[in-house]
Amino acid sequence: MSNTQHATPAERAAWLAAELNRHLHAYHVLDAPTIPDAEYDKLFGELQSIEAAHPELQAPDSPTLRVGAPPLDDFASVTHAVPMLSLNNGFNDEDIENFDRRVREGLDAVQLVEYATEAKFDGLAINLRYEDGVFVQAATRGDGYTGEDVTANIRTIKGIPLRLIGDAPPVLEVRGEVLMFKADFAALNARQRELGQKEFVNPRNAAAGALRQLDSRITAQRKLSFYAYGIGELSGAELPATHSALLDWYAELGLPVCAEREVVRGKDGLLGYYERIGKARPALPYEIDGVVYKTNRFEDQRALGFVSRAPRFALAHKFPAEEALTTVQAIEVQVGRTGAITPVARLAPVFVGGVTVTNATLHNEDEVRRKDVRVGDTVIVRRAGDVIPEVLSVVLEKRPAPEPLMWALPSECPVCGSHVVREADEAVARCSGGLFCSAQRKEAIRHFCGRRMMDIEGLGDRYIDNLVECKLVAGVADLYRLTLDDLLKMKRLADEREGTTPETAAQGKVPTKWAENLLDAIAAAKNPPLERLLFALGIRHVGESTAKTLADWLGKLDLIRKAPVAVLRVLPDIGGTVAESIADFFAEERNQQALDALLAAGVAPKGERAPKAALREKLETVALLAAIGIPKLTEPRARQLAEQVEQVKPGATLLALAHLPVFNVFGLPANVAEALDEWMREPANRDSLVALHELREELLAQLPEVAEAEGAMTGKTFVLTGTLPTMSRDQAQAMIEAAGGKVSGSVSKKTSYVVAGAEAGSKLAKAEELGVAILDEAGLLALLGG
DNA sequence: GCACCTCGAGTTCC
DNA sequence: CTCGAGGTGC
């Protein structure tokens with residue numbers, strides 16, 4: 001065989017590549033080696049030397065590509081054509097029964113439902129993209145919508161074919177798990193030990209570490225494996241009818257698939273499989289953290305669809321989390337950004353669920369009471385959802401002899417000494433010190449610098465801590481005034497404080513590169529998009545999404561910072577609590593000053609714009625009047641009132657109201673009129689009406705003129721569901737709004753059109769039920785275009 | 001008024 | 001990841 005004669009190097013190289021790939025597949029996928037390692041190495045060496053002499057002969061699936069490529073600077077990001085979503089979890093028989101019941105109900109099934117079952121690998125989800133059968137790209141799951149390009153690293157995994165066997169479709173995205181076998185993990189750690197390097201804590205971390213290498217030559221030295229279990233984009237081929245057929249097809253294409261997969265029926269089938277795998281688990285060559293159930297027929301999967309981010313047709317049945325015993329050495333409290341006082345148990349280090357745990361949150365006062373955790377207690381610890389350590393319960397028999405006192409919430413903040421207060425119906429207690437409290441100040445600065453906020457790289461906890469302690473930074477604006485000297489001074493004091501004088505400093509040399517880099521990073525973070533600046537300010541109840549709403553609707557910081565509650569409240573997803581929180585924040589003189597200081601330091605949000613055109617209808621007097629929060633003045637009452645005043649003073653309803661002497665002339669029920677009277681007796685309230693009127697005028701003046709013709713879709717409501725083939729949700733929404741239509745979240749009788757993409761879920765079913773018109777992407781484009 | 005969903009906040013470890 | 005709370009639709 002290997003002495004087959006080939007006329008040209010090209011022919012020889014092609015033959016070698018094919019031959020080597022055949023052996024790799026036999027060895028790594030079929031687990032049936034076909035030639036001795038030495039023979040393989042000889043052929044491999046020959047191919048390498050041919051390719052060295054004729055680089056153009058290196059095929060895209062050449063096994064020599066698997067040795068790794070020169071290091072990358074950074075991973076590029078990849079947008080998934082079909083999102084990689086997560087699964088809902090089940091932990092006990094009841095969860096599984098409920099799952100099966102919901103599936104049967106969703107499908108109107110009269111018989112037992114057929115499920116495909118498989119092991120749930122404890123590794124990392126990866127999307128492999130094959131074009132015309134050739135491996136072209138691999139991406140991590142990331143947030144499900146965008147991941148990192150790890151093509152070079154994945155190419156080194158021998159079990160992953162670089163070219164699929166037989167007839168492959170033009171585009172096939174294979175979803176699966178990258179993991180490290182227990183044996184390979186043990187061998188890796190033995191080697192690390194020999195080399196005196198740090199050992200990996202578990203196979204999953206070792207696999208994750210290998211995949212995150214920018215230098216794929218290092219990845220090539222770590223033995224990783226892969227199993228395929230799902231599908232992303234597919235074009236030019238028919239999707240098999242069932243999940244089990246898909247995996248059979250994968251096996252034919254040369255992809256590794258789980259050997260423990262089965263097809264079962266009904267909940268008893270599921271539970272039986274769970275038990276079998278549980279028994280087989282210790283003997284499996286890889287770690288698994290449960291099993292996965294999916295309705296076998298893709299048609300059923302489509303019918304069941306998704307709830308928010310997880311499919312209704314699949315469930316991960318997790319094995320019970322590993323538990324361990326340890327002792328509580330102390331219960332301390334932490335002070336969060338909002339002043340939240342959180343008790344934390346300091347634990348004697350214990351190895352559980354693959355990592356060593358030393359801390360576990362106790363959440364709040366009630367939780368400590370409920371579990372009655374005391375210092376010195378022996379407790380059962382586990383990693384909830386296999387991530388966050390959790391104190392399950394106390395082993396009362398092991399409580400020390402003189403019973404330790406029950407833990408009590410401190411009445412003063414341990415950091416600043418301010419009173420700790422707990423609102424009547426809230427679970428959290430808070431330090432009342434506000435920014436006077438250095439813990440809250442530090443957390444506020446930390447939040448400000450965070451990646452999803454201002455994204456100041458290199459400003460970690462330790463530096464923030466020291467900058468605040470050294471009084472170099474009191475508020476976020478101070479960051480922009482820091483000088484090289486300040487940073488060096490901070491570092492010197494910090495080293496003293498922590499008693500760690502680095503050798504270089506002792507030698508009289510002061511490294512400054514890090515400080516220069518940090519100053520650059522701070523200076524570079526002056527022009528975030530408006531929503532990120534808003535998020536960074538740390539206003540209570542304003543997270544990423546609410547910040548985006550504010551930026552989208554009001555467009556400019558100077559409008560947002562003076563917007564009254566009523567205006568905020570008419571915005572989508574902003575109700576009374578959130579609106580008040582925002583208005584309160586900006587009503588605080590200190591916050592306004594801090595914001596001015598930021599602007600003075602050169603911080604300027606980019607992309608400020610005019611308020612959204614659709615704000616016009618939100619600013620209708622009736623809506624505003626109802627949003628003010630006048631007691632008893634509900635929307636219909638507000639309408640009644642506004643319509644009558646409008647007739648007297650067209651266009652100036654709010655202003656007119658502010659000057660009206662009496663309110664019992666509008667046919668309002670007596671108690672409503674009385675409440676209104678009462679409210680109007682307060683001059684400040686009348687003033688706020690005037691202010692609201694003025695701001696409304698200002699906003700209206702800034703609104704972009706809506707084209708006279710208005711969109712063809714004015715008054716139509718759209719609902720988007722599923723993944724559209726070429727447009728993102730945002731793009732589709734923008735197009736619809738540009739045409740004057742509205743996009744809403746749920747289907748009702750009022751919905752004009754449902755735009756359904758791939759994997760459309762319950763909304764599509766609902767639309768069919770209600771007889772709402774359904775469009776695909778092409779239909780939408782036709783409608784908007786025509 | 002209730003049920004459902006989404007968002008915010010806090011947390012752990014590598 | 002999970003909990004709690006806020007918002008919205010029915």
Side-chain angles (χ1 to χ4, degrees), chain A residues 86-89 91 124 143 198-212 306-310 316 318 321 332-347 349-364 366-367 370 381-391 423 425-430 439-440 443-444 446-447 450 452-453 461 534-535 538-550 568-582 627 635 717 719 744-751 761-763 766 770:
Chain A
S86 48
L87 298 181
N88 280 325
N89 292 323
F91 296 94
L124 300 109
D143 63 5
K198 231 179 92 192
E199 291 181 46
F200 293 93
V201 68
N202 58 43
R204 187 179 188 282
N205 281 358
L211 264 200
R212 292 211 49 83
F306 293 77
V307 188
S308 67
R309 289 210 294 280
K318 297 289 209 73
E332 292 174 8
V333 298
Q334 289 177 355
V335 184
R337 168 169 67 87
T338 61
I341 301 274
T342 311
V344 181
R346 306 284 174 212
L347 306 167
V350 59
F351 191 77
V352 51
V355 295
T356 304
V357 168
T358 53
N359 300 310
T361 176
L362 295 170
H363 296 113
N364 54 54
D366 294 346
E367 178 85 358
R370 207 160 34 233
V381 180
R382 73 165 177 204
R383 294 216 300 152
D386 273 342
V387 182
I388 312 252
E390 174 189 34
V391 172
E423 296 292 327
D425 44 2
E426 281 198 2
V428 291
R430 298 194 138 87
Q440 290 188 52
E443 290 299 315
R446 200 157 77 107
H447 176 79
R452 291 139 85 209
M453 301 77 173
D461 292 0
L534 283 170
F535 186 20
I539 305 166
R540 263 242 259 164
H541 296 123
V542 177
E544 217 164 6
S545 156
T546 309
K548 182 98 180 14
T549 304
L550 291 172
L568 296 167
R569 240 184 114 161
V570 296
L571 303 182
D573 298 319
I574 296 183
T577 315
V578 178
E580 251 166 67
S581 167
I582 298 166
E635 165 115 27
T717 310
V719 173
S744 107
S746 58
V747 183
S748 71
K749 280 181 298 187
K750 288 186 270 178
T751 308
S762 60
K763 290 187 223 171
K766 184 88 181 275
L770 294 175

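Letters A, B, ... are given to chains in the order of the sequence lines, protein chains preceding strands, and every chain is numbered from 1.
Residue A:Gly209 is classed as having no contact, given no heavy-atom separation below 4.0 Å to the nucleic acid. Contacts of A:Val428 with the nucleic acid, taken as non-hydrogen atoms under 4.0 Å apart, are absent.
For the pair A:Leu87 CG and C:dC1 P, the computed distance is 11 Å after rounding to whole Å. For the pair A:Leu124 CG and B:dC14 C1', the computed distance is 13 Å after rounding to whole Å. If you measure from atom CG of A:Asn202 to atom P of B:dC14, you get 9 Å, rounded to the nearest angstrom. A straight line from CD1 of A:Ile582 to P of C:dG7 spans 9 Å, rounded to a whole angstrom. For the pair A:Asp461 CG and B:dC13 P, the interatomic distance rounds to 14 Å; values are reported in whole Å. Between A:Leu211 atom CG and B:dC14 atom C1' the separation is 15 Å, expressed in whole Å. Distance A:Glu580 CD to C:dG7 C1': 15 Å, rounded to the nearest Å. The separation between A:Glu390 atom CD and B:dT11 atom C1' is 12 Å, rounded to whole Å.
If you check B:dC7, B:dT12, B:dC14 against the side chain of A:Val201, the one that comes closest is B:dC14. Between B:dG10, C:dG6, C:dT8, one nucleotide has an atom nearer to the side chain of A:Thr338 than all others, and that is B:dG10. Between B:dC13, C:dA5, B:dT11, one nucleotide has an atom nearer to the side chain of A:Ala427 than all others, and that is C:dA5. Out of B:dC7, B:dA9, C:dG6, the shortest distance to the side chain of A:Arg540 is found at B:dA9. In the set C:dG7, B:dG10, B:dT12, the nucleotide with an atom closest to the side chain of A:Ala340 is B:dG10. Of the listed nucleotides (B:dG10, B:dC13, B:dC14), B:dC13 has the atom at the smallest distance from the side chain of A:Val357. In this structure, of B:dT12, B:dA9, C:dG7, it is B:dA9 that holds the atom nearest to the side chain of A:Arg337.
In terms of the side-chain hydrogen bond (donor to acceptor under 3.5 Å, both in side chains) criterion, residue partners of A:Arg346 (sequence neighbours excluded) are, by chain and number, A:Glu332, A:Asn359.
Between the side chain of A:His447 and the main chain of A:Phe535, a donor-acceptor pair closer than 3.5 Å is present. Of the possible donor and acceptor atoms, one in the side chain of A:Arg430 sits under 3.5 Å from a partner among the backbone N and O of A:Thr338.
Comparing A:Thr358 and A:Gly339 along DNA chain B, the residue whose closest nucleotide (by nearest heavy atom) sits nearer the 5' end is A:Gly339.
Under the 4.5 Å side-chain criterion, counting only non-hydrogen atoms from C-beta, A:Val578 is not in contact with A:Leu568. The shortest side-chain heavy-atom distance between A:Leu550 and A:Ile582 falls under the 4.5 Å cut-off.
Of the side-chain N and O atoms in A:Thr342, one or more sit less than 4.0 angstrom from OP1 or OP2 of B:dT11. For A:Asn359 and B:dC13, the shortest distance from a side-chain N or O to OP1 or OP2 is below 4.0 Å. Proximity of A:Gln334 to the phosphate of B:dG10: no side-chain N or O atom is located under 4.0 Å from OP1 or OP2.
Note that CG of A:Asp461 is 7.5 Å distant from CD of A:Glu443, once rounded to the nearest 0.5 Å.
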